[in-house]
Structure formats: C-alpha cells, structure tokens
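Have a look at the structure below, then the notes.
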Amino acid sequence: MSRRALLIEGAVAGTAGIGLGLGLSRWTGAAGDTEDGDSVEPAGAVEFYGRHQAGVETPAPARLVLTAFDVTAGSAKDLSALMKEWTLAASRLTAGHPADSADSGESEGLGPSALTLTFGFGPSLFDERFHLGARRPPGLVSLPHFPGEELEDAVSGGDLVVQSCAQDQQVAFHAVRQLARIGSGVVRPRWQQVGFRGDPGPGSTPRNLLGFKDGTVNPPPGTRAFDTTVWVDQEPMSGGTYMCVRRISINLSKWDVQTVPDQQVVIGRVKQSGAPLSGGSETTPLDLEASGPDGVPAIPVDSHIRLAAPQTNRGASMLRRGYSFDDGFDPATGAPDAGTIFLAFVADITAQFVPVQSRLAASDRLNSFTTAVGSATFAVLPGVSEGDYLARTLLG
Ligand code: HEM
C-alpha cells in the first residue's frame with residue numbers, strides 16, 4: 001500500500017473513530033491503469049464492488065453530499081437502464097477516473113479521495129407511477145410523524161438517494177454532478193444536503209456542533225454485532241440496509257449560553273472526555289443504576305444517551321454515520337442555520353429506528369435545542385459484483 005493510501009486511511013479511520021476494522025480492507029493502494037493506458041495512482045480508493053455497497057461500513061471521510069432525486073421518466077425500464085449507467089459511472093468515479101467521455105473534469109488530479117457512492121430507493125418509488133408496488137422491499141417504510149418535528153418538503157422524501165462521501169469536497173460534488181448529468185431526463189434532483197465532519201486524528205471520535213464527541217457508541221465494523229444491526233439478510237435486499245435521514249437544526253445560540261455542567265446533563269456525558277456521567281472513560285459502558293450522593297441518577301432520566309441507549313430500548317441499536325451542516329445565518333435574526341445531518345443505518349427501520357426516535361421525541365432533554373426539519377428513508381441497495389448492476393434484485 002502506498003504511503004498516501006496509508007495516510008488517508010489513517011485519517012479517515014480516525015475520523016470515524018473506529019480504528020482498524022473490516023471497512024479498511026476495502027481500501028486499495030496498487031497502481032492502476034486508465035482505459036487509455038495512462039498510469040494513475042488510485043491511493044485512497046475505496047473498493048466499489050462487494051456484497052455490500054461502500055459508504056456504510058467503510059470509514060466516514062470528511063465530506064458528505066447527500067442528494068435525493070425524483071424519477072421523472074415514464075417507465076421502470078428507463079430506471080433500470082439508468083441504474084446500469086450509474087453503476088458503471090460510480091465504479092469509475094470511485095476509482096478516481098472520469099465518469100465517461102463527457103465528464104466535466106474538475107476532479108482531474110484530485111485522486112479517488114476515498115470517494116464512496118451509495119445508492120438507495122425511497123418508498124415513493126414504489127407508488128403507482130412505475131408499477132413497482134409488488135417489488136417494494138418489505139422493510140422500506142416511511143417514518144411516522146414524531147412530536148416536535150417541523151418537516152419541510154424541500155428537504156424530505158425522495159424516490160432515490162445518492163450518498164457521496166469523500167475527503168475532498170470537490171470530489172464529492174463532482175461525482176454527484178456527473179450522476180445528475182447522466183440521469184437527466186430520467187431523474188431530477190429533489191434536495192441536496194452538504195455536510196462535514198471534523199477530523200481529530202486516528203483513534204479519536206469527532207465532535208459535533210455541540211462540542212461533544214459523537215459516534216462513541218456504534219457497532220464496530222467487522223463484527224457480528226455490526227452485521228446484525230445493519231445488514232439485511234433476506235432477498236431481495238440481502239446485503240443491503242436501510243438509511244434513515246433526519247436533518248436536525250440546532251439552536252446554537254441557545255446552546256452556547258448553557259454552562260458546561262448543564263450541557264453535560266442534557267447529553268449524559270462529560271464534554272471534554274466523552275465519558276458517561278456514571279464514570280470511567282469514553283468507552284466505559286453506561287452504568288444506568290449509578291446515582292449521586294443525593295440519590296439522583298448519575299445519567300439523568302431525560303438525558304439523550306439514557307433514552308437512546310440499546311439497554312433502555314429492548315436492545316434496539318443502529319449505526320450512526322452523520323455529518324454536521326452549516327448553511328450560514330438567518331438574515332432576519334442573525335441566528336446560525338446549522339445542525340446535524342443525522343444518518344442511521346439499520347436492518348429494520350420499524351424495530352430499530354422508530355422506537356428510539358419515538359422515545360427521544362417524547363422526552364429527550366436535547367429537544368429544547370433541536371428541531372427536525374427534514375426526514376427520509378431509503379432502502380440502500382445490495383452491493384454488486386463487476387459486470388452486474390445496482391438494483392438488479394429489485395428491478396429484475
Ligand atoms: C442533533 C441531533 C443529535 C445530536 C447533537 C446527538 C448527539 C449525541 C451525542 C453527543 C451522543 C453521545 C456520544 C455517542 O455515543 O456518540 C449521542 C449518542 C447517541 N445518539 Fe444522538 N444525537 C442527535 C440525534 C439523535 C437521533 C435522532 C437519534 C436516533 C433516533 C440518536 C441516537 C443516539 C444513540 C443510539 C446514541 C448512543 C447511546 C448509547 O448507547 O450510549 N441521536 N448522540
């Protein structure tokens with residue numbers, strides 16, 4: 001493996017806070033050839049082909065461009081044809097090559113940059129328009145209404161999603177630009193959300209805009225716990241997963257005037273170290289029985305982590321792989337328009353995501369600082385092998 005691949009790998013592994021796991025085995029570092037014979041250095045490329053799509057178990061790089069599309073073509077045949085073209089283009093883009101001969105070229109010289117392109121279908125794709133109702137994956141459900149949310153159509157729903165993640169923003173943007181061009185006439189972009197993650201270095205957990213470490217409790221890649229939490233093992237979705245998207249605005253002005261002890265009570269963890277308020281270090285399991293000298297639970301009953309933890313949700317767990325967003329300021333008030341693009345991957349939306357979200361919506365102390373403004377679910381398609389195309393098991 002080249003030095004550059006190792007450097008990028010280390011940086012991204014640290015960003016994800018997961019260390020060396022199965023995800024890293026998808027990184028390639030060997031020199032490759034373009035079709036026209038030029039030798040290129042694909043260091044930092046993430047393998048596109050495999051049982052699972054990349055971009056879920058693979059380390060999360062610094063940048064996210066998440067784009068939902070609606071299908072505007074008349075038939076499922078057009079959609080199948082597009083998925084074939086997108087599969088080929090994605091395999092080329094993630095290897096650091098132009099998508100096709102009409103590529104706009106702005107990622108020339110930037111390398112693969114750990115680019116992953118992850119494709120999913122939303123529930124609306126299976127409505128009456130394309131006669132695909134019978135092929136809807138049984139687990140693909142829309143989320144119910146949750147108290148407190150203020151959803152906007154402009155950042156919710158969608159027939160298709162493309163999650164583009166890369167170390168370099170321009171590489172992530174470029175890939176989506178090519179896919180949108182190739183899809184023009186069949187799909188039309190519905191919304192786009194652009195996110196970032198801080199990179200505290202190998203082995204450290206990145207912090208969210210609250211200033212807290214975010215991603216401490218996640219199933220470790222390459223483990224049975226990860227597989228059962230994330231991957232579906234039934235056809236036609238075998239090897240796929242479900243993505244739950246929540247765009248959550250954070251009232252940073254209100255958060256910033258809380259004292260650190262008050263902020264810690266909201267989350268249930270120590271701000272600096274990430275340790276649970278029941279003691280230990282960042283990775284110490286929560287002690288939900290622990291109480292202070294006054295008899296009050298050390299991890300408050302309405303704290304975010306107590307209400308979200310699998311221990312208090314009949315074991316329901318999820319992979320969280322979110323990004324922060326910053327869309328500037330509200331011109332009327334000067335308040336920041338910023339927050340979290342919360343992305344969770346689960347094998348079963350109804351059993352794993354909905355109960356936890358319901359509980360949080362009802363009682364989470366964090367709710368007085370956050371508002372969900374966007375929401376969507378997608379069936380993340382099973383991975384493909386070379387010569388095959390994404391969505392074959394669903395579209396036939
Ligand atoms: C802006 C919104 C949110 C913020 C800022 C936030 C922040 C945090 C932080 C700081 C932690 C502790 C560190 C960690 O384990 O990663 C955490 C844990 C967690 N959060 Fe959130 N979160 C948000 C929304 C959500 C939502 C919508 C869900 C699910 C529906 C969720 C589920 C979880 C889970 C499952 C944990 C791990 C709990 C444990 O087992 O200890 N979070 N979150």
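For ligands, and for the atoms within them, numbers begin at 1 and follow the listed sequence. Computed from a predicted structure; not experimentally measured.
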Around atom [atom1] of [X], are there more than 12 heavy atoms of other residues, nucleotides or ligands at under 6.0 Å?
X	atom1	answer
Q311	CD	yes
R188	CZ	no
E108	CD	no
D330	CG	yes
E235	CD	yes

Please write down residue, atom name and distance for the protein heavy atom closest to [atom].
atom	value
atom 2 (C) of ligand 1	I248 CD1, 3.7 Å
atom 16 (O) of ligand 1	G215 N, 2.6 Å
atom 13 (C) of ligand 1	K213 O, 3.3 Å
atom 30 (C) of ligand 1	Q357 OE1, 3.3 Å

Is it the case that the side chain of [X] and the backbone of [Y] share a donor-acceptor pair, with hydrogens and angles ignored and the cut-off at 3.5 Å?
X	Y	result
R269	G274	yes
R63	G195	no
N313	L307	yes
S278	D287	yes

(message) Quick check: T216 and ligand 1, any N/O pair under 3.5 Å apart?
(response)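 There is such a contact, yes.
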(message) Are any of the N/O atoms on L210, whether in the backbone or the side chain, positioned under 3.5 angstrom from an N/O atom of ligand 1?
(response)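 Min N/O separation from ligand 1 is not below 3.5 Å for L210.
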(message) Same cluster or not: L209 versus Y323, using hydrophobic residues (I, L, V, M, F, W, Y) connected whenever any side-chain heavy atoms lie under 4.5 Å apart?
(response)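 Unlinked, L209 and Y323 end up in two clusters.
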(message) Quick check on the hydrophobic clustering: are F119 and F130 connected, directly or via other members, by side-chain heavy-atom contacts under 4.5 Å?
(response)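 Hydrophobic grouping puts F119 with F130.
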At less than 4.0 angstrom from any non-hydrogen atom of [X], what atoms of ligand 1 do you find?
X	result
R269	12 (C), 13 (C), 41 (O)
N208	5 (C), 7 (C), 10 (C)
L286	41 (O)
T340	1 (C)
F353	30 (C)
P310	40 (O)
F212	10 (C)

Donor on one side chain, acceptor on other, [X] and [Y], under 3.5 Å:
X	Y	result
R246	S375	yes
D103	H174	yes
D127	S124	no

(message) Below 4.0 Å, non-hydrogen atoms only: which portion of V217 touches ligand 1? Side chain, backbone, both or neither.
(response)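 It is both backbone and side chain that touch ligand 1.
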(request) With heavy atoms only and a cut-off of under 4.0 Å, state how T205 meets ligand 1: side chain, backbone, both or neither. (result)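 The answer is neither.
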(request) Compute the minimum heavy-atom distance from F369 to ligand 1 and say whether it is under 4.0 Å. (result)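 Per 4.0 Å heavy-atom rule, F369 does not contact ligand 1.
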(message) Suppose the cut-off is 2.8 Å; how many protein N/O/S atoms fall inside it around atom 21 (Fe) of ligand 1?
(response)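 Near atom 21 (Fe) of ligand 1, the number of protein N, O or S atoms below 2.8 Å is 1.
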